[in-house]
Engineer: 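Could you have a look at this structure, given as structure tokens, before my questions?
Only heavy atoms go into these numbers, but all of them, side chains included; no hydrogens, no water, no symmetry mates. This structure is a prediction, so every number in the text was calculated from the model and none was measured.
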Amino acid sequence: MSSNIVWHQAAVEQSERRAQHGHHPCLVWYTGLSGSGKSTIANAVDRMLFERGCHTYVLDGDNVRHGLNKDLGFDDSSRVENIRRISEVACLFMDAGLIVSTAFISPFQEDREQARELAKGYMIEVFVDTPLSVCEQRDPKGLYQKARAGQIPHFTGISSPYEAPEQPEIHLKTSELTIEQAALKVVQYLEQRQIIAKLETDA
């Protein structure tokens with residue numbers, strides 16, 4: 001890092017953004033194997049929050065690799081850099097007052113912990129826990145078949161390790177939940193943490 005750069009203090013304070021948005025910014029970090037349902041659940045949650053008037057955005061692993069991270073491969077060092085970049089971007093979204101969700105395999109515990117440090121107490125780790133056999137059966141992109149055939153090196157769960165979260169804030173066992181049920185569990189946790197307000201119901 002250059003020594004000739006200085007962080008520029010924004011004219012709008014984060015407390016002002018919270019007041020305008022009506023909720024606290026946070027980072028909802030979805031992690032799990034390829035095909036586990038991370039993006040599907042993240043977007044279901046995003047839809048629920050959007051319909052409640054929350055200011056949100058989903059950073060999806062494939063989408064980010066189309067642009068910002070298109071220069072990275074899938075070896076271990078590239079995966080580390082992939083998550084480092086997205087952690088920084090996610091925290092900029094948080095600084096803008098958003099509830100930002102990231103749907104990345106993010107296989108290494110150390111990288112997820114670095115993201116947590118950047119989020120300064122407002123990262124919610126969501127383990128989308130889907131058995132490898134189920135992910136392979138789904139295989140929506142045909143990646144597992146290619147990995148088993150040796151056509152894709154460094155594939156998480158096959159030829160590259162996945163370090164499952166030990167103490168995630170939210171543990172979604174997708175074999176026991178529908179997409180809507182899984183999304184609702186995330187939204188309810190955000191309410192419990194007072195990130196968002198509970199919906200008012202008629203008595």
Side-chain angles (χ1 to χ4, degrees), residues 1 27-46 56-94 100-119 123-179 182-183 186:
M1 179 184 293
L27 170 56
V28 186
W29 191 285
Y30 297 85
T31 177
L33 295 171
S34 177
S36 61
K38 299 181 300 298
S39 295
T40 301
I41 295 171
N43 277 281
V45 171
D46 199 56
T56 66
Y57 195 75
V58 176
L59 294 167
D60 179 80
D62 280 1
N63 292 356
V64 170
R65 281 184 177 271
H66 272 83
L68 176 66
N69 291 350
K70 67 180 179 180
D71 59 319
L72 298 176
F74 289 90
D75 57 281
D76 286 357
S77 61
S78 293
R79 288 178 182 274
V80 169
E81 176 61 13
N82 184 50
I83 298 305
R84 186 196 70 80
R85 291 184 194 179
I86 203 59
S87 298
E88 295 285 356
V89 171
C91 286
L92 290 174
F93 274 66
M94 285 180 63
V100 56
S101 298
T102 65
F104 290 76
I105 294 173
S106 46
F108 304 128
Q109 180 70 30
E110 183 178 357
D111 298 338
R112 299 194 299 267
E113 286 304 316
Q114 289 178 355
R116 186 181 293 278
E117 289 178 14
L118 287 173
M123 173 173 151
I124 298 165
E125 189 175 35
V126 182
F127 179 24
V128 184
D129 186 0
T130 306
L132 176 61
S133 59
V134 175
C135 293
E136 286 200 70
Q137 185 178 8
R138 293 175 180 172
D139 204 11
K141 305 170 189 175
L143 300 179
Y144 283 99
Q145 186 176 4
K146 291 180 179 179
R148 290 291 188 188
Q151 297 174 19
I152 302 178
H154 312 294
F155 192 82
T156 304
I158 304 298
S159 54
S160 186
Y162 176 74
E163 299 172 1
E166 296 178 359
Q167 293 182 313
E169 280 76 11
I170 304 173
H171 189 166
L172 300 177
K173 295 185 178 182
T174 60
S175 60
E176 302 172 3
L177 299 166
T178 65
I179 293 170
V186 177

Engineer: Provide the closest heavy-atom pair for G157 versus L132 in the form atom of the first, atom of the second, distance.
Structural biologist: O-CD2, 3.6 Å

Engineer: Does a salt bridge link D139 with R148, judged by any charged N lying under 4.0 Å from a carboxylate O?
Structural biologist: no

Engineer: Measure the CG-OG1 distance between D129 and T174 for me, rounded to the nearest 0.5 Å.
Structural biologist: 7.0 Å

Engineer: Flag the pair E81 and R84 as a salt bridge only when some basic side-chain nitrogen lies within less than 4.0 angstrom of an acidic carboxylate oxygen.
Structural biologist: yes

Engineer: Does any non-hydrogen side-chain atom of L172 lie less than 4.5 Å from one of V186?
Structural biologist: yes

Engineer: Is a donor on one side and an acceptor on the other found under 3.5 Å between the side chain of T130 and the backbone of S36?
Structural biologist: yes

Engineer: Give a yes or no on whether Q145 atom CD has more than 12 heavy-atom contacts from other residues, nucleotides or ligands under 6.0 Å away.
Structural biologist: no

Engineer: Answer yes or no: is there a donor N or O on one side and an acceptor on the other, between the side chain of Y144 and the main chain of S34, under 3.5 Å?
Structural biologist: yes

Engineer: Report yes if the side chains of S175 and V134 come closer than 4.5 Å at any heavy-atom pair, otherwise no.
Structural biologist: no

Engineer: Between E166 and R112, is there a salt bridge with N-O shorter than 4.0 Å?
Structural biologist: no

Engineer: Does a side-chain heavy-atom distance below 4.5 Å link D62 with K141?
Structural biologist: yes

Engineer: What I'd like to find out is whether the side chain of K38 reaches to under 4.5 Å of the side chain of I105, using heavy atoms alone.
Structural biologist: yes

Engineer: Is there a side-chain contact between S106 and Y30 (heavy atoms, below 4.5 Å)?
Structural biologist: no

Engineer: Return yes if some donor-acceptor pair links the side-chain N/O of R65 with the main-chain N/O of G73 below 3.5 Å, else return no.
Structural biologist: yes

Engineer: Please round to the nearest 0.5 Å and tell me the distance separating atom CD1 of I152 and atom CG of L143.
Structural biologist: 4.5 Å

Engineer: Mind checking the CD1-CD1 spacing from I41 to I170? Nearest 0.5 Å is all I need.
Structural biologist: 10.5 Å

Engineer: For the atom pair CZ (F108) and OG (S160), what is the distance rounded to the nearest 0.5 Å?
Structural biologist: 5.0 Å

Engineer: Any side-chain heavy-atom pair from D111 and R79 closer than 4.5 angstrom?
Structural biologist: no

Engineer: Can you check whether L33 reaches Y162 side chain to side chain, under 4.5 Å on heavy atoms?
Structural biologist: yes

Engineer: Heavy atoms, side chains only, cut-off 4.5 Å: are V28 and V45 in contact?
Structural biologist: no

Engineer: Return yes if some donor-acceptor pair links the side-chain N/O of E169 with the main-chain N/O of E125 below 3.5 Å, else return no.
Structural biologist: yes

Engineer: Going from CG on L59 to CD1 on I86, what distance comes out if it is rounded to the nearest 0.5 angstrom?
Structural biologist: 4.5 Å

Engineer: Would you say the side-chain atoms of S159 pair up with the backbone N or O of H154, donor to acceptor, closer than 3.5 Å?
Structural biologist: yes

Engineer: Give me the atom names and distance for the closest heavy-atom approach of V100 to M94.
Structural biologist: CG1-CG, 3.8 Å

Engineer: Go through the steps to decide whether R85 and L72 satisfy the test side-chain contact (heavy atoms from CB on, under 4.5 Å), and finish with yes or no.
Structural biologist: CA-CA 11 Å; R85 291 184 194 179; L72 298 176; 3.8 Å; yes

Engineer: Other residues, nucleotides and ligands only: do more than 12 of their heavy atoms fall within 6.0 Å of CG on L68?
Structural biologist: yes

Engineer: Does the N82 side chain pair with the main chain of S78, one donor and one acceptor, at a distance under 3.5 Å?
Structural biologist: no

